[in-house]
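Only one structure is covered here, and it is reproduced in the block below.
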Amino acid sequence: MILVDTLPLYRRITLNRPDRLNALMPEMADAMISALDDAQADESCRAVLLTGAGRGFCAGQDLTAIVDAGPDDIADLLDSYHPVIEKIRELPLPVVAAVNGVAAGAGCNLALACDIVVAARSASFVQAFSRIGLVPDCGGTWFLPRLVGTARARALMMLAEPVTADIAAEWGMIWRAVDDDRLMPEAQALIERLASGPTVALGLIKQALDESGDNDLADQLDLERDLQIEAAETPDHAEGVRAFLEKRAPVFSGRRD
Ligand code: LHQ
């Protein structure tokens with residue numbers, strides 16, 4: 001249900017149920033958790049790329065599986081999916097979503113959980129939940145208002161209207177929309193650049209941004225000081241400064257020490 005490719009410096013995870021637009025099943029979530037755990041445990045892996053097979057990115061929950069679902073079934077499903085969202089956010093590596101087609105429901109929020117989202121111009125994002133009398137899950141009510149503001153988040157969630165990749169980029173919901181045939185080349189260039197970056201610092205940037213949601217300025221300044229001390233101790237910091245002074249491109253190892 002997912003494909004995992006181990007490439008030099010990064011992992012590519014491909015949601016792989018193309019005939020169902022990669023609609024989610026709990027087995028896919030379990031496999032994603034394993035793949036992300038493996039990526040984290042492998043010191044040579046410095047970034048993760050998430051994409052979908054076929055013409056869709058992910059159509060959210062497989063609706064054929066919840067026709068007669070009771071409260072316990074719904075809870076079980078979300079107990080499978082929500083750890084994936086948390087894992088993506090807590091992973092100390094950059095995660096890029098290459099959104100190749102429609103991202104709906106939980107599939108939309110899976111994309112929004114990623115650090116950088118690049119989408120094919122023909123892709124769209126839809127908070128489809130209210131169409132079937134549900135509320136957004138998988139972090140949508142946390143991510144979307146922070147990305148696009150509450151006016152747009154409320155309308156998108158209540159109306160369940162699709163947003164094109166171009167509008168999503170214009171609104172700051174995603175990083176960039178690119179021509180369809182440029183999606184994978186652009187995503188690959190992006191992930192290779194991130195995977196060759198100062199990995200520890202990139203992980204700490206994730207942490208700082210995520211914690212900023214709950215902190216006041218004084219707490220955030222304290223956090224920045226602590227994280228800066230940590231980053232400054234890495235060989236990549238020393239290399240970055242040396243490279244600047246020597247007027248050459250830095251060669252980052254991604255190592256902690
Ligand atoms: C699908 C699906 C799908 C199964 C397309 N399931 N087959 C909620 C509840 C509980 C716990 C867990 O989590 C959640 C979170 C959620 O994600 S709730 C929201 C679930 N997702 C949706 O409501 C979206 C449903 N899909 C759609 O609205 C459309 O398919 C979109 C807008 C995504 C794409 O439309 P089209 O491009 O026109 O494609 P299509 O509708 O023709 O779909 C292609 C095939 O994929 C089709 O099957 P078929 O056999 O006719 O070719 C669909 O039935 C199937 N498919 N989404 N979620």
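Hydrogens, waters and symmetry mates play no part in the numbers below; they use all other heavy atoms, side chains included. Just so you know, ligand 1 is whichever comes first in the structure, and atom 1 is the first atom listed for that ligand.
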Salt bridge present between [X] and [Y] (N-O < 4.0 angstrom):
X	Y	result
Glu230	Arg256	yes
Arg248	Glu239	yes
Asp210	Arg89	yes
Arg255	Asp236	no
Asp166	Arg121	yes

Distance under 4.0 Å to a non-hydrogen atom of [X]: what atoms of ligand 1 satisfy this?
X	value
Leu134	8 (C), 9 (C)
Arg131	28 (O)
Leu77	11 (C), 12 (C)
Leu21	5 (C), 30 (O), 34 (C), 39 (O), 43 (O), 44 (C), 46 (O)

Q) Of all the heavy atoms in Asp19, does at least one lie under 4.0 Å from an atom in ligand 1? A)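 Yes, that is the case, since the closest heavy atom of the residue is under 4.0 Å from the ligand.
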Just checking [X]: does its [atom1] atom have more than 12 heavy atoms from other residues, nucleotides or ligands closer to it than 6.0 angstrom?
X	atom1	result
Trp142	CH2	yes
Gln228	CD	no
Asp257	CG	no
Glu246	CD	yes
Arg131	CZ	yes

Q: Determine if the distance from atom 48 (O) of ligand 1 to the closest protein heavy atom is below 4.0 Å.
A: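 Yes, because at least one protein heavy atom sits under 4.0 Å from atom 48 (O) of ligand 1.
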When you compare ligand 1 with [X], is there at least one nitrogen or oxygen pair between them that comes in under 3.5 angstrom?
X	result
Asp137	yes
Phe129	no
Arg55	yes
Ala59	yes
Leu63	yes

Q | Selected option - heavy-atom contact closest to atom 10 (C) of ligand 1, from Ile74, Asn109, Asp79, Asn22 | A |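 Answer by nearest heavy atom: Ile74.
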Q) Among Gln61, Gln127, Arg20, whose heavy atom sits nearest atom 3 (C) of ligand 1? A)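 Of the listed residues, Gln61 has the closest heavy atom.
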Q: Please work out whether any backbone atom (N, CA, C, O) or any side-chain heavy atom from C-beta onward of Val126 is under 4.0 Å from ligand 1, and answer side chain, backbone, both or neither.
A: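 For Val126, no heavy atom sits under 4.0 Å from ligand 1.
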Q: Check each heavy atom of Ala106 against ligand 1 and say whether those closer than 4.0 Å belong to the side chain, the backbone, both or neither.
A: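 Both backbone and side chain.
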